[in-house]
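Letters A, B, ... mirror the listed sequences (proteins, then strands); counts begin at 1. Quick caveat: nothing in here was measured; it's all calculated off a predicted structure.
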Protein chains: 2
Amino acid sequence: MRVLIVEDDPLHRSYLHEAVRAALPECDMVVEAESGQSGEIEARKARVEHVVMDLQMSERNGIEAARTIWRERPDTKILFWSNYSDEAYVRGVSRIVPEGATYGYVLKSASDERLKLALRSVFVESQCVIDREVRGIQQKSLGNAHGLTDAEYEILVDVALGLTDKAIAQRKRLSLRSVQNRLQQLYEKLEVYDLPDDGMEGWYNLRMRAVAVALLRKVLNSSALERAERELHDRSGS
Amino acid sequence: MRVLIVEDDPLHRSYLHEAVRAALPECDMVVEAESGQSGEIEARKARVEHVVMDLQMSERNGIEAARTIWRERPDTKILFWSNYSDEAYVRGVSRIVPEGATYGYVLKSASDERLKLALRSVFVESQCVIDREVRGIQQKSLGNAHGLTDAEYEILVDVALGLTDKAIAQRKRLSLRSVQNRLQQLYEKLEVYDLPDDGMEGWYNLRMRAVAVALLRKVLNSSALERAERELHDRSGS
DNA sequence: GCAAAATATGCGGGTTTCCGCAGGACAAAG
DNA sequence: CTTTGTCCTGCGGAAACCCGCATATTTTGC
């Protein structure tokens, strides 16, 4: 078995190396990469089918790397190992996981034991392992108490990029009014409507406030924004 | 000499502990805290005057912790040890450092050597040590090529929180038009004006786009936003 | 297959942004 | 004292946003 570790922090990388060695005695080769970029290259070169991947690396982040790896070999087993459980990351991951692929999502705050268990489960047993806390986020984001639909999320991202209603309508092949409808749903779900106290009305620019709330609640994060920005420029050129 | 380490990642924490022991043989006591919250308490309890502080911790971030520590003992020497050199962090730090205080700013990507040198310089020699890269950000943000004035930055934050022009005017004791003036300056400095190609005009909602650009350029980040949000709620209650 | 619910579109208007133009306040330089 | 530069302010209008109301179109559930 060959395992690829993609992680930019040297400390965490060597810790992972250790953990892989300890949890997977049948593993006869461990490759390390320190960025998403080089991770993709190493994966291609060494033909690994087991990857431990950090999200949020400075160069090219884990989600993008995972997507290209999966595009080339959809049967690759990937264990995501991340600091946070931002809804933006969780959503980003589940957006790219191919049909039937096996993967895992473990937080860095988890114990050694949990990490090793996850390594064995995902790589040997081909079983999906999602950290309890991450699972919670997933549930909440789907079971729509405050959870956003995919459609709503898309609009949110476009708004956050700074596009006008008209531009969004054009990009998404919708009428202007439909876009504004979706926006209103967003405003409700994000509870953007003013402060409860006082006669503070009209204090918020709803469009901007919605994005601010999404950022504060980690529904959006800057890495998701960066991805969207790149995508926007690519598409506008094509 | 007593040293307090405030860092939420266990791996980094023990690495720091090691580095402190190695670099400062005269240090006879090392205290660890795993959040800004507990960092403040430990600092008070152990009366340390030397702190190594991580920025961006989940609970209460390093900047806030540093501020309260400095408020109680302005002669405390603090070495900030951070992953990134976002302008938002740099600005946040220089905003809170008291007159004449000694501090340092080292990136986690720096070598062992650099870290140890910084520890000795700041804690023993009482000399400020700012990482080269961070220094660069500082320069750029002050020497205003694209750098924002403090006034502009304030407006930017308020806009990013989702306040309307009117609300900002009231908060800042300015007329509506003045706020809009400052906004226009922002738009220019952030180069928000549309894509160069095509007849793409009116594609951007300037107000939103400005914030998006600021986020992408790390002039703003979510931690700065959180701080501002808390502040907003505090002030509105008083 | 049909009713109900969700989603998409058009219209119209009130409000907010965005910004050019023009004038005042105040400080620094000539 | 005048000039120049910077900052604040008011006015007015075009464009964009927010959103209630009414009408298709599609999806869903039974």
ask   = Tell me, for nucleotides 23-28 of chain D in 5' to 3' order, what letter each nucleotide earns: B for a base near a protein heavy atom under 4.0 Å, S for only sugar-phosphate near one, - for neither?
value = ------
remark   = Sorted by chain and number, sequence neighbours left out, salt bridge (charged side-chain N to carboxylate O under 4.0 Å, His left out) with A:Asp131 holds for A:Arg114
ask   = Any donor and acceptor pair, going by atom type alone, linking the side chain of A:Arg182 with main-chain N or O of A:Ile155 inside 3.5 Å?
value = no
ask   = Can any side-chain N or O of B:Ser121 pair as donor or acceptor with the backbone N or O of B:Leu117 at less than 3.5 Å?
value = yes
Check: B:Ser223/B:Asn61 side-chain N/O donor and acceptor closer than 3.5 Å = yes
ask   = Measuring from A:Leu156:CG to A:Asp150:CG, what's the distance to the nearest 0.5 Å?
value = 12.0 Å
key: Separation of D:dC17 P from B:Tyr204 OH (nearest whole Å)   = 14 Å
message = Tell me whether the rings of B:Tyr105 and B:Phe80 are parallel (<30°), tilted (30 to 60°) or perpendicular (>60°).
response = tilted
ask   = Can you check the B:Leu183 CG to C:dC18 P distance for me, whole Å?
value = 6 Å
query = How many angstroms lie between NZ in B:Lys189 and CD in B:Gln184, if you round to the nearest 0.5 Å?
reply = 13.5 Å
key: Base-contact (B) and sugar-phosphate-only (S) positions in nucleotides 4-16 of chain C, heavy-atom cut-off under 4.0 Å, - elsewhere   = ----SBBB-----
request  = Find the distance B:Gln184:CD to C:dG20:C1' and express it as a whole number of Å.
outcome  = 9 Å
query = Any side-chain donor-acceptor pair under 3.5 Å between A:Tyr84 and A:Gln56?
reply = no
